[in-house]
J.: 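If you scroll down you'll find the structure; I have some questions about it.
Just so it is clear: chains get the letters A, B, ... in the order the sequence lines come, proteins before strands, and each one is counted from 1.
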2 protein chains.
Amino acid sequence: MSAMTLAPIDSDGTDAAASPTLGPPPKPRERLVPSLHDEVLARLRDFIVEGNLAAGARVPERLLCERFGISRTPLREALKVLASEGLIELLPNRGARVRRIDERELVDLFDVMGGLEALAGRLACERVTEEDFAEIERLHHAMYGHYLRRDLHGYFACNQAIHDRIVEAAGNAALRATYAGFAGRLRRVRYSANLDADRDRWGEAMREHEEILDALRRRAGAELADILFRHLRNKRRAAADREAQISE
Amino acid sequence: MSAMTLAPIDSDGTDAAASPTLGPPPKPRERLVPSLHDEVLARLRDFIVEGNLAAGARVPERLLCERFGISRTPLREALKVLASEGLIELLPNRGARVRRIDERELVDLFDVMGGLEALAGRLACERVTEEDFAEIERLHHAMYGHYLRRDLHGYFACNQAIHDRIVEAAGNAALRATYAGFAGRLRRVRYSANLDADRDRWGEAMREHEEILDALRRRAGAELADILFRHLRNKRRAAADREAQISE
DNA sequence: TCAGGCAATTTTGAATGCAATTTTGACGCG
DNA sequence: CGCGTCAAAATTGCATTCAAAATTGCCTGA
């Protein structure tokens with residue numbers, strides 16, 4: 001093959017950093033046009049995550065194009081991205097299908113979530129500020145209140161918020177993005193850890209959260225990482241038990 | 001907007017599992033045609049990872065199309081995927097650029113790698129077989145041999161192999177894929193942890209590997225996770241020091 | 001009645017075309 | 001000589017088109 005005609009292309013020197021001297025119009029036009037592609041991608045992802053397409057079902061290109069009012073090109077681009085995210089699978093010449101998540105894969109995903117939360121906890125111990133901690137502590141107590149009142153909805157909201165805050169406190173963009181990605185994949189399966197029917201697990205979860213807060217207070221990174229991983233493990237196990245309980 | 005004309009689409013019942021009754025042609029034509037898209041995606045990824053495009057440089061659509069002998073459509077699809085992988089960034093109406101990885105992001109990526117390795121270690125302790133362990137032990141001793149002989153290349157190869165085996169032993173597909181993704185992103189920056197110039201770090205790394213093997217032997221999950229995370233941290237720190245040393 | 005085969009239709013994968021935006025470069029002015 | 005303006009050229013985003021593959025439906029023959 002011919003020589004690398006464009007082998008080492010040099011940077012054009014344009015820096016991603018703001019260069020105010022270059023911008024005559026002071027208007028910071030960032031994302032003025034959110035680009036159809038991104039919008040379609042987000043919409044299609046939501047469409048699937050929200051369960052509008054059954055697991056294993058074909059993803060009907062034509063229909064979705066009409067639905068979103070676009071041509072096939074941007075839709076197909078979005079499909080490739082969703083496939084790389086693991087939400088759908090592309091069968092050569094046979095279209096896209098919503099990926100079916102079997103029990104084994106669910107366990108795998110939960111474990112990775114656990115690993116990411118463990119990492120978040122470890123990093124959070126290094127970087128969390130007093131304000132961050134105070135906010136998490138506040139959420140923790142609010143959650144405890146919901147627990148006492150048996151307010152499942154409020155409890156879940158606080159629980160979610162706490163875990164999100166920990167990830168946030170880790171101050172790691174790559175971690176945040178990866179965490180969000182896995183959370184999205186898991187959101188599709190409703191692992192209804194319906195604690196209402198499992199008071200024991202609820203109490204256990206609450207105790208684990210006490211440990212989490214305590215480890216974070218002491219900035220005990222490795223310890224917090226361990227607790228968080230096991231916390232997710234228990235959560236998954238409870239969900240699995242509940243699943244089995246329903247199906248029997 | 002109108003009613004969800006295609007709201008709950010049902011599965012077509014076709015199972016991903018082999019359905020021999022449905023397949024008249026017994027030929028298992030899986031991936032006979034690797035689909036241009038996948039090929040282009042892999043080639044483009046390699047092209048960028050191997051440093052043919054400088055960080056921050058524009059990704060010239062037209063030129064790459066000619067280079068790969070394809071039209072813009074599959075190339076653009078690949079670009080979207082690479083953008084979702086974080087390898088490039090897409091600026092609306094202004095094309096794709098190779099993402100510039102600054103010091104901060106490098107630290108973030110290393111930490112996530114550390115978190116993933118920690119998870120791999122923890123899971124490996126749960127699932128590793130005696131054969132798996134024996135293989136890792138063998139690699140460890142081989143690595144020690146390279147260390148004694150100051151064979152940097154052989155040392156690196158074994159080192160890499162050990163970490164890969166641990167991830168493999170974790171038996172978690174999602175983890176493996178995520179790990180591979182981050183490894184790819186990091187491969188672009190040559191964090192030449194040139195141990196040859198840093199004998200202390202090399203010795204330290206070797207001692208850490210002794211701990212790793214020991215924890216794995218005892219199936220001490222939480223402990224191994226902790227060691228692996230710190231191992232990556234130290235590796236990063238050594239690379240950063242070396243970087244600073246070079247630039248001064 | 002039902003299995004098998006063939007042709008029409010549908011669907012996918014990729015190329016091409018076209019409007020809109022950006023970039024480039026020349027020109028005029030201070 | 002430097003700076004702003006504006007038009008030409010290039011590039012991007014998306015729609016449309018086209019060929020190849022798969023799916024569907026129909027028909028035939030046992």
J.: Nearest whole Å is fine: how far is D:dC14 P from B:Glu77 CD?
T.: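 Roughly 13 Å, once rounded to whole Å.
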J.: So among A:Glu77, A:Glu85, A:Lys80, which one has a side-chain contact (heavy atoms from CB on, under 4.5 Å) with B:Val81?
T.: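 Output: one option passes, namely A:Lys80.
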J.: A:Glu39 has an atom CD; how far is it from atom P of D:dG13, in whole Å?
T.: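 Rounding to the nearest Å, CD of A:Glu39 and P of D:dG13 are 15 Å apart.
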J.: If I take atom CZ in residue A:Arg97 and atom P in nucleotide C:dT12, what distance separates them, rounded to the nearest angstrom?
T.: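 Going from CZ in A:Arg97 over to P in C:dT12 covers 10 Å.
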J.: Looking at A:Leu90 and A:Ala96, what are the two nearest heavy atoms and their distance?
T.: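 It is CD1-CB, 3.5 Å.
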J.: Look at the side-chain N and O atoms of A:Arg94 and state whether any lies under 4.0 Å from the OP1 or OP2 oxygen of C:dG13.
T.: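 The answer is no; no side-chain N or O of A:Arg94 sits under 4.0 Å from OP1 or OP2.
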J.: Distance check needed: D:dA20 P versus A:Leu91 CG, whole Å only.
T.: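 So the two atoms are 22 Å apart, to the nearest Å.
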J.: Does B:Arg58 have a side-chain nitrogen or oxygen under 4.0 Å from the phosphate oxygens OP1 or OP2 of D:dT12?
T.: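 True: B:Arg58 side-chain N/O within range (under 4.0 Å) of D:dT12 OP1/OP2.
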J.: Is the CZ atom of A:Arg62 crowded by more than 12 outside heavy atoms at less than 6.0 Å?
T.: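 Incorrect, the count does not exceed 12.
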J.: With the side chain of A:Thr73 defined as its heavy atoms from C-beta on, choose the nearest nucleotide among D:dC14, C:dT22, D:dT17.
T.: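 Given the options D:dC14, C:dT22, D:dT17, the side chain of A:Thr73 is closest to D:dC14.
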J.: Begin with the C-alpha distance, continue with both residues' side-chain angles, and end with the deciding distance and a verdict on salt bridge (Lys or Arg N to Asp or Glu O under 4.0 Å) for B:Lys235 and B:Glu117.
T.: CA-CA 13 Å; B:Lys235 183 174 173 182; B:Glu117 292 228 12; over 6 Å; no
J.: From the options C:dA15, C:dT12, D:dC14, select the nucleotide whose nearest atom is closest to the side chain of B:Arg72.
T.: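 Out of C:dA15, C:dT12, D:dC14, the nucleotide with an atom closest to B:Arg72's side chain is D:dC14.
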J.: If you find the nucleotide of DNA chain C closest to B:Gly69 and the one closest to A:Arg62, which residue's nucleotide is nearer the 5' end?
T.: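 So the residue in question is A:Arg62.
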J.: Provide, to the nearest angstrom, the distance between the CZ atom belonging to B:Arg76 and the P atom belonging to D:dT11.
T.: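 So the CZ-P distance, B:Arg76 to D:dT11, works out to 13 Å.
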J.: Take atom CD of B:Glu61 and atom P of C:dT23, then tell me their distance rounded to the nearest Å.
T.: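 In whole Å, C:dT23 P lies 14 Å from B:Glu61 CD.
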J.: Separation of B:Leu79 atom CG from C:dA14 atom P, in whole Å?
T.: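 Checked: the CG to P distance equals 15 Å.
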J.: Taking OP1 and OP2 of D:dA15, is either one under 4.0 Å from a side-chain nitrogen or oxygen of A:Ser71?
T.: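 It does, given that an N or O in the side chain of A:Ser71 lies less than 4.0 Å from OP1 or OP2 of D:dA15.
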J.: Minimum heavy-atom separation for A:Ala78 and A:Leu44, please, with both atom names.
T.: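 Shortest heavy-atom separation between A:Ala78 and A:Leu44 comes out as CB-CD2, 4.1 Å.
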J.: Round to the nearest Å and state the distance from A:Leu75 atom CG to C:dG13 atom P.
T.: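 Value for this atom pair: 12 Å.
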